[in-house]
Amino acid sequence: MTADSETIDTDDGVLDEESADDATSTDGSVSADAVSDDERDALLSIAHGAVVTSGGISFERGLSVWIELVLTRGLGPELYGVYAFGWQLVTMLLRFANMGANMTLQRDIPAFADDPDRQRRVLGLSYATTALTVTVMAVSLWLSADWIDDATISHPTFPRALRLFAVLLILIAFIQLHATALKAALSANGEVLLNRILRPGIRLLSAVVAIALGYSVVGVVGVLVVAFGVLAIAAYPATVRVTGIRPSLRGFRSEARHFYDHAIPSALSGIGALLRTRVDVLLIGIFLSATAAGIYNVVLVLVGIAAIPLFAFNQLMPPVASDLYSSGRIGTLNDVYRTVTRLIVTTTIPLVAVLAVFGQDLLAVFGPTFSRGYEVLLVFLVGRFVGNAVGATGILLSMTNNHYPKMVLEWLLAVTNLVLTYLFVLEFGLIGAALGTSVAIAVQNCLQLLLLRRFEGLWPFHLSFLKPIGAGLGMIGVMWLARMALEGALAVGVGTLAGLAVFLALLVAFGVNPRDRLVVDGLVDQYRYVIGAKLAELR
């Protein structure tokens, strides 16, 4: 199905989208013959994953804010900047610490559902590849700690902290691989518990304990190493039990070529994405101060809130997309992609609006120094909105076996971004780093969208996207008036509540899309049944 056809697969053939909307009942729900069973199941699966994941990610982001609050207040701007720079380095290296095994795992576990032996070999190769790659990276980081300090922030405590960060890199890489295995096996609950609740929860507890004991940066990272070591070891048997897949390397040679043909290009794409999106962190460390690195990290924490809808709805997109593509249901995949992207846009707009209008007040919570990051925040929000608005472009390229074009694109833009961000940082300072990265994110996602259209005919956009955008503009207007009339926390609280009320009212006035209503109604019915069954068991 081409992207221009604006069609919907049905059991009886093809129905154009306008006709599908006409097939709704008086209450606005989609009739049974307007949406195929495949599409309905895929949407409900993704939506359920989004509900579970959004709760987990929201919890994670909330804990992340508290973590940064504890550390900024406990360490002060300069020492916090030392910690933040080390944490960002670890986060960057985690992008390819498993040599692309994460994407291959998400593609192959659902694709080999009828072949348990291949699933075991894929998981075994993932663990072995991660162990080798992350160990080499950690040893290199440990040995080059003094050189990195001299080349970047030049702080006396940084080399010791960075060596502990190298150990932490190994531990987090395995925790992430456990979580990826759970996601690939469609265990959204398990992935959320491990990656979105336990991991940030332990990080917050470690920060509180370390600060309470009077530790400085090195002590904070040392406590993190101990805590994450326990989690990495304890999570392995739980992952095997939940997925029902025990990793094995027996007969791995027969699987290795298929595995690495996908994993290595994915890893190279990850390196390109790293240079494209996180070169700003390196340049800040080289040309600016530790305090600037701390301000930048706090801004990234707030911007991460706006990424929640994208991560949530994409939680189960890889296995669902892999299943639909491998079985040739491209039309259904396109319809699912469109609906999910519209839901992402609808839920992203309120978050971006609140951060844009009240961002300076929110940054001030971390300390007066951090208010300097407001303009940086605004620049980042533009790039984040564009990234969310195109949906799961990178995931769909990987799941549809277009990983080589994706890799080439990542590297082309990585080099371009490196040059532009370097020039922007020298010219504009902190805001230049954000500008380079935001431009790179926007361009990358738009070009990936065009690749999807060119190679697979997938296209998410439709006039129905204008409804949440219009509602968002009304929300921004109301919040801006509240900000002009009130001050401080009162303006944030009253303005946010009033803005959300206007946003929802305008959405209803414009008319909720029938497919979106189908997803909501399906989830309500599903959860009502589960709750009813649990109550019946208690009686």
Side-chain angles (χ1 to χ4, degrees), residues 67 71 75 79-102 126-178 180 199 202-203 206-207 210 215-233 263-264 266-290 293-294 296-297 300 414 418:
I67 291 167
L71 292 175
L75 297 176
L79 287 178
Y80 170 76
V82 173
Y83 165 86
F85 187 62
W87 180 260
Q88 285 295 332
L89 287 179
V90 169
T91 303
M92 290 165 59
L93 294 175
L94 283 170
R95 292 285 189 94
F96 53 98
N98 53 28
M99 193 56 73
N102 57 335
S126 298
Y127 275 102
T129 302
T130 299
L132 178 61
T133 305
V134 77
T135 299
V136 170
M137 291 170 56
V139 170
S140 301
L141 192 63
W142 182 290
L143 296 176
S144 60
D146 290 317
W147 177 84
I148 293 173
D149 179 57
D150 291 338
T152 56
I153 59 178
S154 300
H155 197 279
T157 63
F158 189 58
R160 285 182 296 156
L162 192 56
R163 292 187 175 95
L164 288 174
F165 272 121
V167 179
L168 193 64
L169 174 66
I170 297 175
L171 301 174
I172 298 178
F174 278 102
I175 293 171
Q176 286 192 343
L177 188 59
H178 300 333
T180 301
R199 201 176 101 182
I202 288 175
R203 190 173 159 223
S206 300
Y215 291 164
S216 187
V217 177
V218 176
V220 169
V221 184
V223 174
L224 281 173
V225 168
V226 174
F228 276 112
V230 174
L231 180 61
I233 294 171
I264 291 177
S266 295
L268 293 175
S269 294
I271 297 174
L274 173 68
L275 294 174
R276 177 178 54 79
T277 59
R278 287 280 74 89
V279 70
D280 51 350
V281 174
L282 293 176
L283 292 176
I284 287 172
I286 294 172
F287 294 111
L288 303 179
S289 64
Y296 205 74
N297 191 67
L300 291 177
L418 178 61

Sequence neighbours left out, what passes side-chain contact (heavy atoms from CB on, under 4.5 Å) with L75? Give chain and number order. L71, L79, Y80, Y83, I211, V217

Give me each pair satisfying salt bridge (Lys or Arg N to Asp or Glu O under 4.0 Å) with a member in residues 167-178, each pair once, sequence neighbours excluded. none

Suppose we screen for ring pair (Phe, Tyr, Trp, His ring centres under 6.0 Å). Which residues come up paired with Y215, at least two apart in sequence or across chains? none

Which heavy atom of A84 sits nearest a heavy atom of A293, and at what distance? CB-O, 4.2 Å

Enumerate the residue pairs fulfilling salt bridge (Lys or Arg N to Asp or Glu O under 4.0 Å) with a member in residues 131-145, sequence neighbours excluded, ordered by first and then second residue. none

Close side-chain approach of L169 to L94, heavy-atom, < 4.5 Å: yes

The reported gap from CD1 in I172 to CD1 in I170 (rounded to nearest 0.5 angstrom) is 11.0 Å

Got a second to check how far L224's CG is from I67's CD1, nearest 0.5 Å? 8.5 Å

Which atom pair, heavy atoms only, marks the closest approach of A232 to L171? CB-O, 4.0 Å

Any side-chain heavy-atom pair of M99 and L132 under 4.5 Å: no

In this structure, CD of Q88 is separated from CG of L300 (nearest 0.5 Å) by 5.5 Å

With rounding to the nearest 0.5 angstrom, report the CG to CE distance, L141 to M137. 8.0 Å

Mind listing the side-chain donor-acceptor pairs of residues 157-168 below 3.5 Å, one per line with the distance, residues two or more places apart or on another chain?
residue: T157; atom: OG1; partner: H155; partner atom: ND1; Å: 3.0
residue: R163; atom: NE; partner: W142; partner atom: O; Å: 3.4
residue: R163; atom: NH2; partner: D146; partner atom: OD2; Å: 3.0

From CA spacing to verdict: side chain to side chain contact (heavy atoms under 4.5 Å, CB included), I284, F85: CA-CA 9 Å; I284 287 172; F85 187 62; over 6 Å; no

Do any pairs count as a side-chain hydrogen bond (donor to acceptor under 3.5 Å, both in side chains) and have a residue in residues 126-140, sequence neighbours left out, and if so which ones? Y127-H178, T129-Y260

So, taking the atom named CG in L231 and the one named CD1 in I202, what distance separates them when rounded to the nearest 0.5 Å? 4.0 Å

